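Read the structure below first, then the notes.
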Amino acid sequence: MRNEEMTGRQEVQTNPERIIAIDQSTSSTKALLFDEECRLLARANVDHHQYYPQTGWVEHDAEEIYNNMIAAIRQLVTDAATSTGRPTLQEAEQAAAHAQYSLAITNQRETVVVWNRQTGKPISRAVVWQDTRGAEMCRRLRSEGYTRRVLERSGLLIDPNFSATGVSWLLDHIEGAREAAEQGVLAMGTIDTWLVWKLTGGKVFATDYTNASRTMLFNIHTLQWDDELLQLFGIPRQMLPEVRPCDAVYGETTCEGLFSEPIAIAGVLGDSHGALVGQMCFGKGSGKVTYGTGSSVMVNIGEEAKTAPAGLVTSVGFTAFGKTYYGYEGNIYSTGATLKWICDQLQLADSPKDIEPIATSVSDNGGVYVVPAFSGLGAPWWQPNVKGAILGMTFATTRAHVLRAALESIAYQIKDLVDVMARSTGGRLSEICADGGPTKNAFLMQFQANMLESPVVCTEVDDASALGAVIMNGFARGLWQSFDDVTGFRKVTKVYEPQPDPQRFTLYQQWRNAVNQLIK
């Protein structure tokens, strides 16, 4: 059993009346309000800018993200139905005084911020997980034979998706950065670390085990930063935060004066891991699919960090009650992002919710396949240099065929990963728990079930990542004492049973053929 003082977990305290979950994703920052029975009461959402300064580069403004989070919290704790929708600071402060709050955080993983401890300012925009500027370093390390060593220690494959190469690139390309890092002036962290640091006025510099396990710098066996990996990627140890369990109290904040008394920051974990918890995948062999900007397929493999099957990685699934649970995971870079691209860039639909009726106006995809490799191909392909493509178009191709192919590409990519996981566990998975905005697309969910030949279970809370953070918050604050205390909070809303589809095998083979054309 772990030392309670070291972990920050509090066994005895007044239970909070309201828990604010911050879900800081690739495209926006959401603040969601839950009660003590994990019922979603309200939400606020603020988008942030996406920066693409060069081909393959994707950046975020970390200060914008922090400011958006504060704005979302302020909106949340006031009446969301106000006529202006923009509460004044006085209105927000008055609303905040009427309930007892605590704060939980779940975040886009791998995206990394480097900032100056003295000024509190980032030295550049954050390097997003979709960014491929570290691809050349990854190729060099693989060619020098480091793949096995990195995999054994971090559980990860050498890929620019993970944080290490982005930090290394910044230190090498920003004047004076490496020297400042070696002198202890610079700090690095995933978005959770940056938010906690800002919320606490720089008093707390910490991350959790799940986010740490996605940096390619963390030893998932010792649960510590790994000196050999740090040396390999040229990152000074003094840049790194303290690592804590997910169910820990991280500090206190007034959210820039919104609350008259500091509230606890408790419960921190990466978004895919939050969804694993939010879907109540506490038992070995249970799994989930998160449909977001990209998608994560994760299966709980228990308390042993086993080497993942080819094409997948091993991460810390979550930590709770003094135990660490691991997961096999595969990450797809573009799923919901594909639908956003279809709308924003190609302008084939006004919004993602408008895609389904157009796509289902045709009976099939007309031989069209969208391979959304906008940032390369993730698991199980791991081909960062592949570019996206639309294949199979003829004069008969219509907008509807392209939209249908875009939806189908999500299901094919999920099947790529689930098939690998199923083989590693000895057969077809009994069901897949699904969460995220695209689960509202009935065509996609049914097509997914058909492709997998397994039921797809959708739950009441779309934001399972946020729910997972709330659960960890409750564990940290002693609100719930066991997994059994929270399993009843999961409410199934729809189960998509697989339907016989004589074209299923042919469609999937043609998808594989389309991908193979691009990676040869």
Side-chain angles (χ1 to χ4, degrees), residues 51-66 108-147 149-150 153-154 156-198 202 204-207 211-219 222 224-243 375 384:
Y51 296 92
Y52 308 101
Q54 294 186 30
T55 300
W57 290 24
V58 188
E59 298 176 345
H60 291 161
D61 183 333
E63 292 189 285
E64 178 192 11
I65 286 175
Y66 176 74
Q108 56 167 316
R109 307 170 304 165
E110 297 105 14
T111 295
V112 66
V113 187
V114 177
W115 68 94
N116 186 303
R117 298 175 191 263
Q118 298 171 354
T119 67
K121 299 292 185 181
I123 66 171
S124 72
R125 295 192 190 114
V127 179
V128 179
W129 58 270
Q130 297 163 315
D131 192 287
T132 59
R133 75 186 68 185
E136 181 55 42
M137 184 179 193
C138 291
R139 281 194 296 271
R140 176 176 60 79
L141 292 174
R142 288 193 295 264
S143 68
E144 293 175 358
Y146 287 104
T147 298
R149 188 175 305 178
V150 172
R153 291 171 177 266
S154 72
L156 306 176
L157 299 172
I158 298 176
D159 191 85
N161 169 241
F162 307 113
S163 310
T165 56
V167 176
S168 183
W169 191 97
L170 293 177
L171 296 184
D172 288 339
H173 290 83
I174 294 179
E175 185 177 357
R178 184 164 292 283
E179 180 180 1
E182 291 171 349
Q183 292 173 351
V185 175
L186 300 186
M188 65 156 280
T190 43
I191 293 293
D192 62 301
T193 308
W194 165 251
L195 295 181
V196 169
W197 191 84
K198 290 282 286 181
V204 179
F205 181 43
T207 189
N211 277 291
S213 75
R214 304 295 294 183
T215 62
M216 215 159 41
L217 301 171
F218 188 71
N219 190 310
T222 65
Q224 296 178 348
W225 299 114
D226 190 283
D227 287 330
E228 185 171 341
L229 294 176
L230 292 172
Q231 183 178 6
L232 183 65
F233 291 100
I235 297 175
R237 189 182 185 92
Q238 52 265 38
M239 292 184 71
L240 297 162
E242 174 192 352
V243 188
S375 300

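Values below: every heavy atom of this structure, side chains too, minus hydrogens, waters and symmetry copies. Please read all numbers here as calculations on a predicted model, not as lab measurements.
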Any side-chain heavy atom of M216 sitting closer than 4.5 Å to one from E110? no
Between E144 and R149, does at least one N-O distance fall below 4.0 Å, as a salt bridge requires? no
Taking side chain as C-beta onward, heavy atoms only, is D227 less than 4.5 Å from R237? yes
Can you find a heavy atom in the side chain of V167 that is under 4.5 Å from one in the side chain of V114? yes
Does a side-chain heavy-atom distance below 4.5 Å link V113 with H60? no
Is there a side-chain contact between W194 and P122, using heavy atoms and a 4.5 Å cut-off? yes
Heavy atoms only: give me the nearest F233-S168 pair and the separation to one decimal. O-OG, 3.1 Å
Provide the closest heavy-atom pair for L186 versus L171 in the form atom of the first, atom of the second, distance. CD1-CD2, 4.2 Å
Compare every heavy atom of F205 with every heavy atom of M239, then report the nearest pair and how far apart it is. O-CZ, 3.2 Å
Minimum side-chain heavy-atom gap V185-R117 below 4.5 Å: no
Minimum heavy-atom distance A206-D192, with the two atoms named: O-OD2, 4.4 Å
Determine whether S375 and N161 make a side-chain contact, defined as any pair of heavy atoms from C-beta on separated by less than 4.5 Å. no
